[in-house]
Amino acid sequence: MATVINNGVPLVNGMLVAWADIVVLVGGVPVTGIVGVEYSDEQEIVNKWGAGRHPVGRAKGRITPAAKLILYQEEVQALQAQSPNGRLQDLPPIEIQVSYLPDSGIVVTDKIRNCHISSNARKWKEGYTGQEVELVLVPSHIEWGKAA
């Protein structure tokens, strides 16, 4: 049964997207040892000035994408095995797909294109029971998904 919340948008069973509803593919392979994904793009938008004290228009400039994966060390080691010398930075560009699979059944997929990995580090301390590795990505662009 659909529930309607106060903004008029119906939700199936009142459920919103949760972490368990997200599937991440790295190079076309589903990743289960993932604990975080972040991605964004920022576009330069500037006021253009003419006569008077207020802008007469705006102009758009560069779009700068950014992305990050947080994986368990075992997932990172599987990626490293694909590199001829073990360096993640020497892997060819990778595509990251983030799909949202909510109860509503409306799947939305974002694609983070042409990613190079720019960092590879480990941080261990006494008492740790596992290693989460943060991989900073340098993408060319993000294709923000639409409902399929």
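A quick note: this is a predicted structure, and the numbers were derived from the prediction, not measured.
With hydrogens and angles ignored, the 3.5 Å screen pairs a side-chain donor or acceptor of Q131 with a backbone N or O of K123. Here the side chain of Q43 pairs a donor or acceptor atom with the backbone of G61 at under 3.5 angstrom. Put simply, the side chain of D110 never gets that close to the backbone of W144: no donor and acceptor are under 3.5 Å apart. Side chain of E134 to backbone of I70: no donor-acceptor contact under 3.5 angstrom is found.
Heavy atoms from other residues, nucleotides or ligands lying under 6.0 Å from OH of Y100 number more than 12. More than 12 non-hydrogen atoms from other residues, nucleotides or ligands lie less than 6.0 angstrom from CZ of R122.
In this structure, I117 is a member of the same hydrophobic cluster as V98, with clusters built from ILVMFWY side-chain heavy atoms closer than 4.5 Å. Hydrophobic cluster membership is shared by I112 and L91, with clusters built from Ile, Leu, Val, Met, Phe, Trp and Tyr side chains linked at under 4.5 angstrom.
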- request: Please test Q80 against N120 for side chain to side chain contact (heavy atoms under 4.5 Å, CB included), starting from the C-alpha separation and ending with a verdict.
  value: CA-CA 10 Å; Q80 283 181 265; N120 185 10; 3.7 Å; yes

task: Show your reasoning for whether side chain to side chain contact (heavy atoms under 4.5 Å, CB included) applies to Y72 and T32.
output: CA-CA 9 Å; Y72 286 122; T32 56; over 6 Å; no

- request: Take H141 and N114 through the test side chain to side chain contact (heavy atoms under 4.5 Å, CB included) and record every step on the way to the result.
  value: CA-CA 7 Å; H141 63 289; N114 305 309; 4.0 Å; yes

- request: For side chain to side chain contact (heavy atoms under 4.5 Å, CB included), just list the numbers for V26 and V29, CA-CA rounded to whole Å, side-chain angles, deciding distance to a tenth of an Å, and then say yes or no.
  value: CA-CA 5 Å; V26 176; V29 178; 5.8 Å; no

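Atoms OG and CD, from S118 and Q89 in turn, are 7.5 Å apart once rounded to the nearest 0.5 Å. Note: L137 CG to I94 CD1 = 7.5 Å, rounded to the nearest 0.5 Å. A distance of 6.0 Å separates CG of D103 from CG of D21, quoted to the nearest 0.5 Å. Atom-to-atom distance recorded for E143:CD and K111:NZ is 6.0 Å, nearest 0.5 angstrom. The NZ atom of K60 sits 5.5 Å away from the CD1 atom of I45 when rounded to the nearest 0.5 Å.
Of all heavy-atom pairs spanning P102 and V17, the tightest one is CB-CG2, 3.8 Å. Across every non-hydrogen atom of A51 and V56, the tightest pair is O-CG1, 4.1 Å. Residues I142 and A66 share a closest heavy-atom pair of CD1-O, 4.1 Å. Taking all atoms of both residues into account, the shortest heavy-atom contact from W49 to H54 is CZ3-C, 3.5 Å. The minimum heavy-atom distance between P65 and S140, with the atom names listed, is CG-O, 3.5 Å.
Residues L71 and L79 are in side-chain contact: their nearest non-hydrogen atoms beyond the backbone lie under 4.5 Å apart.
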